[in-house]
Asks: 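Structure incoming, see below.
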Amino acid sequence: MTTVAVPAPAADARPHAPRPTPLPLACRLCGAPHAPGPIATCEECLGPLEPVYDPGRRLPDAETIAAREHSLWRYREWLPFEGAPALSLDSGFTPLLDAPALARRLGVARVWVKNDAVSHPSLSFKDRVVASALNAALGLGLDTVGCASTGNLANAVAAQAARAGLPAWIFIPHDLELAKVVGTAVYQPHLVRVRGNYDDVNRLCSQVADRYGWGLVNINLRAYYGEGSKTMAFEIAEQLGWRLPTAVVAPMAGGSLLTKLEKGFREFAEAGLVADAAPRLYGAQAAGCAPIVNLVEQGGEHIAPVVPRTIARSLAIGNPADGRVAAAAISASGGSAAAVSETALVDGIRLLAETTGVFTETAGGVTVAAALALAERGTLRPDDELVLCITGNGLKTVEALQGALPDVPTIAPRIRELEALYGRDL
Ligand SMILES: *Cc1c(COP(=O)(O)O)cnc(C)c1O
Ligand SMILES: [Zn+2]
C-alpha cells in the first residue's frame, strides 16, 4: 500500500463526514428566490437575502430542546441548514446572570446579563455568527474563509477556522486593540491590516470575495452568518423559563445582532414556545459612531454614514449594512436608542464589573451606559424585566481603562508597610 501526502482542506479531510446543506435564499425586499450560495444581495434589486425555512418543518417542543446539547445547535431547526452541522459544535449557551444590584441602580424590577463575554471559543458573541457561517462555507464547498472585522469577528473566524483546518483570510483596520490583533494572529490565519477604518476594510473585502471565490462570513455568507445571532434571543427565552423579558438593550455595529434578536423572539412566539409580548428593543452606540441611533431619533429613510471616532472599536462601523432594518425593528418594538460618551462607556464597564463580576469590553460598556441613560430619561419602567446583551470580554480592550482605575500600591513584603498604607485597623 502506498501513501501519498496530499494537502487537502479540512472539508475534504473527512470525506465521509456528513455536510450540512445550506437553505435556499430569498430577497427580503422583492422576494426573488435564489439558490443556496455565497451571495448576500438580490440579483434583481440588490436587497438583502435571507434563508428560506420550510414553514411545514417539524419543530421541537420546549422539553425536547431542553434535553439537547448545551450549544446553539440545540435550536438547529431555526438555523439555515438541512442536515447536521459539522463544525463549531460547541459554541453558544452562555450564562444569563441575575443582576439585582443593577436592577436597583436602573430602577427596574429585574435585570439579567446575557454574558457572551465568556462565549466559546473566542470570548464574544461573534462565535455564534461564525459557527453558522462556517457550516454554510462547508456545505457550499468553499475551502477558504475570511472576514472584514472590527476585531471580535477576526478572533472568532481565526479560532474556528483553525479548528476546522480551513485557511482563513482576515482583514482588519490597521490600528485595532493589541489583544484583538494577538488574539487573531495566534491562530496563524492570513491576517492583513488595512490602512483605513472598518468601512474601508469592508469595501476591499467585497471586491476580494467576488474575485477569489472565498467565503467571507460577513460579506458573501452574510445571509447565513446573521442567523447565528438569533440564538442569543432563543437562549434568553429558554433561560428565563420559556418566557420573554419586557425590554432588551443591545449594542449595534452593523445592526445585525439587533435585527436578529427581533427575529429570534418572533420565531419563538410563532412556534408557541413563549406566550409573552415581544420585548421593547433598545439599541446602544457610542456617540462617536452613532449612525443607527441618529436614524432612530431623527427619522428618515436612510442611514447617514459617519466617520467613526470612538474607543468602542468593535462598534465602529460608520456605514452599517443593517442599520435601516435595525432602526425599523427598534421603532416597531416600541423601544428607542441611546448614544453614550466615551467617559460614560468606561463608567459602564466599571459599573458592570462592580455589580455583577462581569468584565466586559467597550461594547458592553456602551450597553450598560445606554441602559443608564434610558433609565435617566424615564424610558424604562419600574416593572420592567430587562436583559442587557453583554457581547464581548474586557480583557480584549484593557486600554479603555487606562487611567480610569485607582493606582495600585507596591510594598515590601512587611506588615509594617501594609499598615503604613492602610492604618492598623485593616
Ligand atoms: C460585532 C459586535 C457587536 C455588534 O454587531 P452587529 O454588527 O451590530 O451585529 C456588538 N458587540 C460586540 C462586542 C461585537 O464584536
Ligand atoms: Zn430583491
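In listed order, ligands and their atoms are each counted from 1. Predicted model only: the values in this text are computed from it and were never measured.
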Asks: Below 30° counts as parallel, above 60° as perpendicular, anything between as tilted: where do the rings of His190 and Trp169 land?
Replies: parallel
Asks: Please say which of Thr94, Asn152, Thr391, Asn393 ends up in a side chain to side chain donor-acceptor pair (under 3.5 Å) with Asp116.
Replies: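 For Asp116, the side chain to side chain donor-acceptor pair (under 3.5 Å) check succeeds only for Thr94.
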Asks: Can you check whether Pro80's main-chain N or O pairs, donor with acceptor, with Glu227's side chain at less than 3.5 Å?
Replies: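 No: the side chain of Glu227 does not pair with the backbone of Pro80.
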Asks: Can you figure out which of Gly255, Ala321, Ala363 has its heavy atom closest to atom 8 (O) of ligand 1?
Replies: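 Result: the heavy atom closest to atom 8 (O) of ligand 1 is in Gly255.
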Asks: Under a 4.0 angstrom heavy-atom cut-off, which atoms of ligand 1 come close to Met252?
Replies: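 With Met252 as reference, the close atoms of ligand 1 come out as 8 (O).
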Asks: May I ask you to check whether Phe268 and Trp78 place their ring centers less than 6.0 Å from one another?
Replies: yes
Asks: Out of all atoms in ligand 1, which are within 4.0 Å of some heavy atom of Pro251? Include the element for each.
Replies: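 Under 4.0 Å from Pro251, ligand 1 has these atoms: 10 (C), 11 (N).
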Asks: Under a 4.0 Å heavy-atom limit, does Asn152 contact ligand 1 with its side chain, its backbone, both, or neither?
Replies: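 Near ligand 1, Asn152 shows its side chain, while the N, CA, C and O stay back.
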Asks: To the nearest 10 degrees, calculate the angle at the Zn ion (ligand 2) involving SG of Cys27 and SG of Cys42.
Replies: 110°
Asks: More than 12 heavy atoms of other residues, nucleotides or ligands under 6.0 Å from CZ of Arg211: is that the case?
Replies: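 Open.
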Asks: Tell me yes or no: between the side chains of Thr259 and Asp322, is some donor less than 3.5 Å from an acceptor?
Replies: no
Asks: Is the closest N or O pair between Gly392 and ligand 1 shorter than 3.5 Å?
Replies: no
Asks: For atom 9 (O) of ligand 1, what is the nearest protein heavy atom, given as residue, atom name and distance?
Replies: Leu257 N, 2.8 Å
Asks: Does a donor on one side chain and an acceptor on the other come within less than 3.5 Å for Ser71 and Asp90?
Replies: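 Short answer, no.
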Asks: What protein heavy atom lies closest to atom 7 (O) of ligand 1? Include the residue and the distance to one decimal.
Replies: Gly254 N, 2.8 Å
Asks: Got a sec: does the CD of Gln188 have more than 12 other heavy atoms crowding it under 6.0 Å?
Replies: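 No.
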Asks: If you measure from each non-hydrogen atom of Leu258 to ligand 1, which part falls under 4.0 Å: side chain, backbone, both or neither?
Replies: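 It is neither; nothing of Leu258 touches ligand 1.
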Asks: Which atoms of ligand 1 have any heavy atom of Leu315 under 4.0 Å away?
Replies: 3 (C), 10 (C), 11 (N)
Asks: Could you identify the single nearest non-hydrogen protein atom to atom 1 (C) of ligand 1 and state the distance to 0.1 Å?
Replies: Lys126 NZ, 1.3 Å
Asks: Between Thr360 (side chain only) and Ile390 (backbone N and O only), is there a donor and an acceptor less than 3.5 Å apart?
Replies: no
Asks: Closest non-hydrogen protein atom to atom 11 (N) of ligand 1, residue and atom name please, with distance?
Replies: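 Atom 11 (N) of ligand 1 sits closest to the protein heavy atom Thr391 OG1, 2.6 Å.
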Asks: Check ligand 1 against Ser314 and write out every atom of the ligand that is under 4.0 Å from a heavy-atom position of the residue.
Replies: 13 (C), 15 (O)
Asks: Is Ser256 touching ligand 1 with its side chain, its backbone, both, or neither, if touching means heavy atoms under 4.0 Å apart?
Replies: both
Asks: Heavy-atom contacts under 4.0 Å between Glu361 and ligand 1: side chain, backbone, both, or neither?
Replies: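 The part of Glu361 near ligand 1 is the side chain, not the backbone.
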Asks: Please report the interatomic distance OG(Ser314) to OH(Tyr198), rounded to the nearest 0.5 Å.
Replies: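 Atom-to-atom, Ser314:OG and Tyr198:OH are 12.0 Å apart.
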